[in-house]
Amino acid sequence: MEFDQFMLDLTRRNPSQPEFHQAVREVAEKVIPFINTEPKYEKARILERMTEPDRIITFRVCWEDDEGNVQMNRAYRVQFNNAIGPYKGGLRFDKSVNLSILKFLGFEQTFKNSLTTLPMGGAKGGSDFNPKGKSDAEVMRFCQSFMSELFRYIGSNLDVPAGDIGVGAREIGYLFGQYKRMSGEFTGAMTGKGLAFGGSPVRKESTGYGCVYFAREMLSKQKDGLENKVCVISGSGNVAQYTAQKLIEFGARVITLSDRSGFIYDPDGLTDEKLAFVIDLKTNKRAKLSEYAKEFRCDYHPDEKPWKVTCDIAFPCATQNELDEDNARTLLGHECSVVSEGANMPTTYEGAKLFEESKILYAPGKAANAGGVAISGLEMTQNAMRLNWSHEEVDLRLQNIMKRIHEQCVEYGQEKDYVNYVKGANIAGFVKVADAMISYGVM
Ligand code: NDP
Ligand code: 2IT
């Protein structure tokens, strides 16, 4: 199988989808050399089949704003692959949402879910609805209208959505409430639910905690740890908040957070108290991070990203392509030696190449942020059993899952003098899905 020809065919078949091309390129680069040593995958054309979604559902969402104006958005569910379990993946509400972004996310999700060791296929969905500045009532009407259409395509054994950018506890509540009403049943057809209605302990914290647990695994293989490490985090939403919380608990120093309007630089480091302020500011007040700089008298850098700040470890936890080649070069120049991606594909193709070539500990999102969907998988398990585990039990399972993901990356990514985590994650994620697809024959 030839990489250039494969990518040419893919880009021809999917024009104007740069994020999707980028996600496939990063996988294909690692998986094609592997396929060339295992002829059964090429014969069954597994990679071609894995890069074509099972189906894409797209629909109109109409809703009324508080002034009585009719508003319209476009929404999607990309059901990418259900070879190893029901479709599973988040919903994103952001003005930037388009098919290229959701296809990249659904494709990544298939590999990530395979790595969790749990039985989940890959999917992603969302809408170009922009929740910024909307009232709770407007968000509720949008969510109800969105789910009135989506409900017929999801279900606890079919497709189980969850949150992502712009979809947090508030939105999941409205969406699940409408699902329950439309379907006439209470089933675990969504995850990230509130603890009062079938949610799992630790789900809210799981992506961030998992991302830190993964960094701990990488460091511990080098006989190192997180204590006293200086950490730069981007984002200040769900993933960034709980990445920061776990780092503080482990004795690391978190000196930045960011949002769309800039970043804060707090050289003393965040504390639990400062973090509680951030969580309230971003989750309840939905305000800007500049308020933090005012409250705690630290530097605020408007319209900038935090990558110029000297650190030992970087945790990009905001969005795709937020860390480019120049940023990567700056980080490496400052001797940053660990990058653990909380966001999905936060590093550009060129930036990721630099990290790989430098042989630092570089964990791609599909490995490092898999803790979120892993606990979603455990939420499904608990819903099916109709009982709930304790916080401690779920957290322990999360730590074990991140350990197993790390082991799989090492198994497939060990090179002579270092572990190539990108290679390891891509091949390990591929093998399980590919073998299942081969078992089913041609379909
Ligand atoms: P949230 O909506 O809770 O937070 C997103 C954060 O990123 C906010 O601080 C937001 O800024 C910032 N951000 C979003 N878009 C941009 C942009 N274009 N430029 C700069 N900053 C931006 O989302 P999550 O924390 O849930 O998701 C963050 C990332 O993690 C995403 O890549 C997501 O796909 C990934 N992820 C999430 C999981 C989860 O369980 N939630 C699981 C695995 C991965 P502002 O506050 O200004 O809006
Ligand atoms: O990107 C992701 O893994 C998520 N947004 C979480 C998906 C999920 O189903 O919990």
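Counting starts at 1 for both ligands and their atoms, following the listed order.
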Considering only heavy atoms, does [X] approach ligand 1 within less than 4.0 Å through its side chain, its backbone, both, or neither?
X      : answer
Ala162 : neither
Lys282 : side chain
Thr207 : side chain
Lys132 : side chain
Arg92  : side chain

Just going by heavy-atom distances, which of [options] is nearest to [atom]?
atom                    : options                       : answer
atom 19 (N) of ligand 1 : Thr319, Leu105, Asn369        : Thr319
atom 4 (C) of ligand 2  : Lys124, Glu108, Met380        : Lys124
atom 2 (C) of ligand 2  : Met120, Lys366, Lys112, Arg92 : Lys112
atom 31 (C) of ligand 1 : Ala318, Gly237, Ser234        : Ala318

Discussion item. Can a donor-acceptor pair be found, under 3.5 Å and without considering hydrogens, that links the side chain of Glu171 to the backbone of Gly168?
Written reply: yes
Worksheet item: Has Lys432 got more than 12 heavy atoms of other residues, nucleotides or ligands less than 6.0 Å from its NZ?
Response: yes
Distance from [atom] to nearest protein heavy atom, with residue and atom:
atom                    : result
atom 10 (O) of ligand 2 : Ser376 OG, 2.5 Å
atom 7 (C) of ligand 2  : Gly90 N, 3.5 Å
atom 9 (O) of ligand 2  : Lys88 NZ, 2.6 Å

Is the closest N or O pair between [X] and ligand 1 shorter than 3.5 Å?
X      : value
Gly163 : no
Lys112 : no
Ala240 : no
Gln320 : no
Asp259 : no

Item to complete: Kindly say whether the aromatic ring centers of Phe93 and Phe142 come within a distance under 6.0 Å.
Response: yes
Side-chain donor-acceptor contact under 3.5 Å, [X] with [Y]:
X      : Y      : value
Asp65  : Gln71  : yes
Asn420 : Glu356 : yes
Asn73  : Ser127 : no
Lys103 : Gln17  : yes

What donor-acceptor contacts under 3.5 angstrom involve side-chain atoms of residues 290-297, with partners at least two apart or in another chain?
{"residue": "Glu291", "atom": "OE2", "partner": "Lys294", "partner atom": "NZ", "Å": "3.3"}
{"residue": "Tyr292", "atom": "OH", "partner": "Asp266", "partner atom": "OD2", "Å": "2.7"}

Closer than 4.0 angstrom: is that true for some heavy atom of [X] and an atom of ligand 1?
X      : result
Arg203 : yes
Pro346 : no
Cys317 : yes

Worksheet item: Between Thr207 and ligand 2, which part of the residue brings a heavy atom under 4.0 Å of the ligand: side chain, backbone, both or neither?
Response: neither
Practice prompt. Identify, by atom number and element, the atoms of ligand 1 in contact range of Gly342, meaning under 4.0 Å from any of its heavy atoms.
Written response: 30 (O), 35 (C), 36 (N), 44 (C)
Practice prompt. Report, in ascending order of atom number, the atoms of ligand 2 lying under 4.0 Å from any heavy atom of Ala162.
Written response: 8 (C), 9 (O), 10 (O)
Worksheet item: Judged by non-hydrogen atoms, does Ala370 sit under 4.0 Å from ligand 2?
Response: no
Item to complete: Assess Arg203 for proximity to ligand 2: is some non-hydrogen atom of it under 4.0 Å away?
Response: yes
Discussion item. Here's one to test your reading of the geometry: is the NZ or CZ of Lys246 within 45 degrees of the ring axis of Tyr209 and under 6.0 Å from its centre?
Written reply: yes
Practice prompt. Decide whether a cation-pi geometry holds between Lys30 and Tyr412; the criteria are a distance under 6.0 Å from NZ or CZ to the six-membered ring centre and an angle within 45° of the ring axis.
Written response: no
Worksheet entry | Tyr213 side chain reached by Phe250 side chain, heavy atoms, under 4.5 Å | yes
For residues 308-316, which side-chain N or O atoms pair as donor and acceptor with protein atoms under 3.5 Å away, sequence neighbours left out?
{"residue": "Lys308", "atom": "NZ", "partner": "Glu304", "partner atom": "OE1", "Å": "2.6"}
{"residue": "Lys308", "atom": "NZ", "partner": "Glu304", "partner atom": "OE2", "Å": "3.3"}
{"residue": "Asp312", "atom": "OD2", "partner": "Val230", "partner atom": "N", "Å": "2.8"}

